[in-house]
Novice: 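First, the structure itself, so that you have it in front of you.
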Amino acid sequence: MTPIDFPYQASSERYTSGMRYRRCGRSGVLLPELSLGLWHNFGDNRPQDTARSIAHYAFDHGITHFDLANNYGPPEGAAEKFFGRLMRDSFAPYRDELFIATKAAYDMWPGPYGSWASRKHLTASLDQSLKRMRTDYVDVFYCHRYDPDTPLEETLQALTDIVRQGKALYIGISRWPLPAAEQAFRYLHEQHTPCLLYQGRLNLFDQAPKKEGILQAAHRNGSGFISFSPLAQGLLTDRYLHGIPDGSRMTENRFLKTDSLSPAVLRRIERLNALAAERGESLARMALSWILHHSEVTSVIVGASSTEQLSENLKYRSSAPFCDEELQRIETILTE
């Protein structure tokens with residue numbers, strides 16, 4: 001089948017369109033403040049031409065970082081297969097401009113080696129990911145979750161060896177508890193393969209990385225921090241201000257339940273939305289700006305179901321800095 005709208009030519013203005021880049025910890029890597037996540041909307045259940053348009057739009061506007069995982073779909077592996085087609089048809093000439101991430105540790109195939117963080121699983125999973133994505137290496141490979149039953153040294157040495165084998169340039173960890181993360185930072189530093197990124201969920205409604213010390217520990221150890229689910233899967237937008245619309249993620253996705261929209265949560269959303277309006281921006285833009293207000297944050301992973309949605313998120317760049325009064329009002333809204 002002949003691809004649509006190819007050969008793809010990236011915009012000549014992709015690095016002058018306003019995207020800002022931040023240094024990733026104490027590394028030589030700069031990441032865009034917004035990265036594109038392929039968790040949703042890039043599997044077999046979505047139109048591939050729409051997904052392709054979103055990816056093109058992202059790169060054309062300076063988003064060089066694409067975040068995947070072995071289990072992103074549906075089904076598992078579908079997002080990586082989509083990205084492989086994108087590499088074949090669009091992005092191959094631009095590979096050295098891209099920063100590609102994938103992950104392993106969640107369920108992928110039957111049997112005792114299809115999940116968690118053994119050397120066996122991590123190595124096999126990455127080999128499969130590279131084939132699906134049609135690339136010889138990824139820029140960062142994450143252990144997607146902490147494995148309490150596998151010796152930490154086995155997991156970390158496997159990640160180190162993956163870098164030394166040239167299958168990944170950098171190592172990352174995602175959603176690890178603080179004590180294990182601290183051990184990982186030390187071990188990887190001693191092996192001369194320091195942890196480039198800690199990926200965690202940080203948004204206005206979920207500030208666990210701040211409260212538990214993860215954000216500070218990553219910064220202290222020279223690791224960048226990248227936030228996923230910055231809009232709380234749509235709660236931190238105007239989408240649910242007037243109820244649950246048909247076709248929304250809350251009606252279709254097992255990760256966002258209808259009981260997430262309690263009366264107390266709705267009141268917070270309404271008050272945050274009012275503050276955003278005073279600032280002359282959407283709630284989504286304010287939520288993204290709030291995360292990037294933290295100097296320890298390197299990048300924010302956003303999803304998108306359309307180029308229009310991604311375009312709206314990119315407007316965060318025109319947001320004014322927060323004043324102390326606004327930050328205090330946000331804190332009051334979230335704690336009352």
Side-chain angles (χ1 to χ4, degrees), residues 1-15 17 19 21 29-104 106 108 125-142 144 166-170 172 197 199 226 228 299-311 313-314:
M1 180 177 177
T2 303
I4 301 172
D5 297 330
F6 291 113
Y8 163 73
Q9 295 290 325
S11 171
S12 61
E13 299 179 352
R14 58 190 178 277
Y15 298 119
S17 61
M19 177 56 67
Y21 298 83
V29 173
L30 296 172
L31 292 184
E33 288 185 332
L34 288 195
S35 300
L36 183 64
L38 279 72
W39 180 24
H40 298 296
N41 303 314
F42 296 88
D44 291 350
N45 61 334
R46 299 292 183 179
Q48 295 297 284
D49 56 344
T50 300
R52 187 186 302 117
S53 296
I54 294 168
H56 289 174
Y57 188 90
F59 187 53
D60 286 344
H61 288 80
I63 295 178
T64 56
H65 180 30
F66 294 81
D67 181 80
L68 297 103
N70 57 358
N71 63 333
Y72 288 177
E76 292 85 354
E80 289 184 330
K81 288 181 180 178
F82 161 77
F83 197 82
R85 292 190 293 272
L86 203 62
M87 285 296 299
R88 179 193 65 197
D89 298 331
S90 301
F91 283 166
Y94 307 101
R95 176 63 184 93
D96 292 338
E97 296 184 42
L98 302 178
F99 202 88
I100 302 169
T102 197
K103 314 177 191 72
Y106 279 100
M108 274 302 291
S125 182
L126 180 55
D127 286 345
Q128 294 174 20
S129 292
L130 294 176
K131 290 178 182 177
R132 285 191 289 264
M133 292 193 292
R134 300 172 190 253
T135 185
D136 295 331
Y137 70 97
V138 291
D139 295 281
V140 60
F141 180 58
Y142 290 91
H144 207 169
K167 296 177 181 179
L169 300 185
Y170 300 95
L197 282 164
Q199 186 171 136
I226 187 165
F228 70 90
S299 183
V300 176
I301 299 168
V302 296
S305 58
S306 65
T307 55
E308 291 79 13
Q309 187 180 51
L310 184 56
S311 174
N313 287 340
L314 283 167

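Values in this document were obtained by computation on a predicted structure and should not be read as measured data.
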Novice: Around atom NZ of K81, are there more than 12 heavy atoms from other residues, nucleotides or ligands closer than 6.0 Å?
Specialist: no
Novice: Are side-chain heavy atoms of F141 and T102 found at a separation under 4.5 Å?
Specialist: yes
Novice: What's the separation between atom CD in E308 and atom CD1 in I54, rounded to the nearest 0.5 Å?
Specialist: 9.0 Å
Novice: Sub-3.5 Å donor-acceptor pair from the side chain of R95 to the main-chain atoms of L98, do we have one?
Specialist: yes
Novice: Using a cut-off of 6.0 Å, state whether more than 12 heavy atoms not belonging to E13 lie near its atom CD.
Specialist: no
Novice: What's the separation between atom CZ in F99 and atom CG in L197, rounded to the nearest 0.5 Å?
Specialist: 6.5 Å
Novice: Side-chain contact test, heavy atoms from C-beta onward, threshold under 4.5 Å: evaluate it for F59 versus L86 and give yes or no.
Specialist: no
Novice: Partners of D44 by salt bridge (charged side-chain N to carboxylate O under 4.0 Å, His left out), sequence neighbours excluded?
Specialist: none
Novice: To the nearest 0.5 Å, what is the distance between CG on N41 and CG on L310?
Specialist: 11.0 Å
Novice: Closest heavy-atom contact between N45 and P74?
Specialist: OD1-CD, 3.4 Å
Novice: Please verify the inter-ring angle class for Y8 with F91; under 30° counts as parallel, over 60° as perpendicular, anything in between as tilted.
Specialist: perpendicular
Novice: For a quick test of reading the model, state the closest non-hydrogen atom pair linking A10 to R14 and the distance between them.
Specialist: CB-NH1, 3.6 Å
Novice: To check you understand the geometry: which heavy-atom pair defines the closest contact between Q309 and A304, and what is its length?
Specialist: OE1-CA, 3.0 Å
Novice: Once rounded to the nearest 0.5 Å, what's the spacing between atom NE2 of H56 and atom CD1 of I63?
Specialist: 13.5 Å
Novice: Between F82 and F42, what is the ring plane arrangement, given parallel below 30°, perpendicular above 60°, and tilted in between?
Specialist: tilted
Novice: So, taking the atom named CG in L68 and the one named CG in N71, what distance separates them when rounded to the nearest 0.5 Å?
Specialist: 10.5 Å
Novice: Quick one, V138 and S129 - any side-chain contact, counting heavy atoms below 4.5 Å?
Specialist: no
Novice: For residues E80 and L38, determine if any side-chain heavy atom of one lies less than 4.5 Å from a side-chain heavy atom of the other.
Specialist: no
Novice: Working to the nearest 0.5 angstrom, can you tell me the gap between T135 OG1 and I100 CD1?
Specialist: 5.0 Å
Novice: Does any donor atom in the side chain of S299 or H65 lie under 3.5 Å from an acceptor atom in the other side chain?
Specialist: no
Novice: Identify, with sequence neighbours excluded, every residue that meets ring pair (Phe, Tyr, Trp, His ring centres under 6.0 Å) alongside Y137.
Specialist: none
Novice: Flag the pair Q128 / N70 as yes when at least one side-chain heavy-atom distance between them is below 4.5 Å, and no otherwise.
Specialist: no
Novice: Which class fits the ring pair Y15 and Y21: parallel under 30°, tilted 30 to 60°, perpendicular over 60°?
Specialist: tilted
Novice: Would you say that I301 contacts Q199 through its side chain, given a criterion of any heavy-atom pair below 4.5 Å between the two side chains?
Specialist: yes
Novice: With sequence neighbours left out, write down each residue that passes salt bridge (charged side-chain N to carboxylate O under 4.0 Å, His left out) with E76, or none if nothing qualifies.
Specialist: none
Novice: Pick from W39, F83, Y72: which one makes a ring-ring contact (aromatic ring centres under 6.0 Å, His included) with F66?
Specialist: F83
Novice: Sequence neighbours left out, what passes ring pair (Phe, Tyr, Trp, His ring centres under 6.0 Å) with F228? Give chain and number order.
Specialist: none
Novice: Which salt bridge (charged side-chain N to carboxylate O under 4.0 Å, His left out) pairs, counting each pair once, include a residue from residues 58-71, with sequence neighbours left out?
Specialist: D67-K103
Novice: For Y170, enumerate each residue passing the ring pair (Phe, Tyr, Trp, His ring centres under 6.0 Å) test, keeping only those at least two apart in sequence or located in another chain.
Specialist: none
Novice: Looking only at heavy atoms, what is the nearest atom pair of S125 and A104, with distance?
Specialist: OG-CB, 3.4 Å
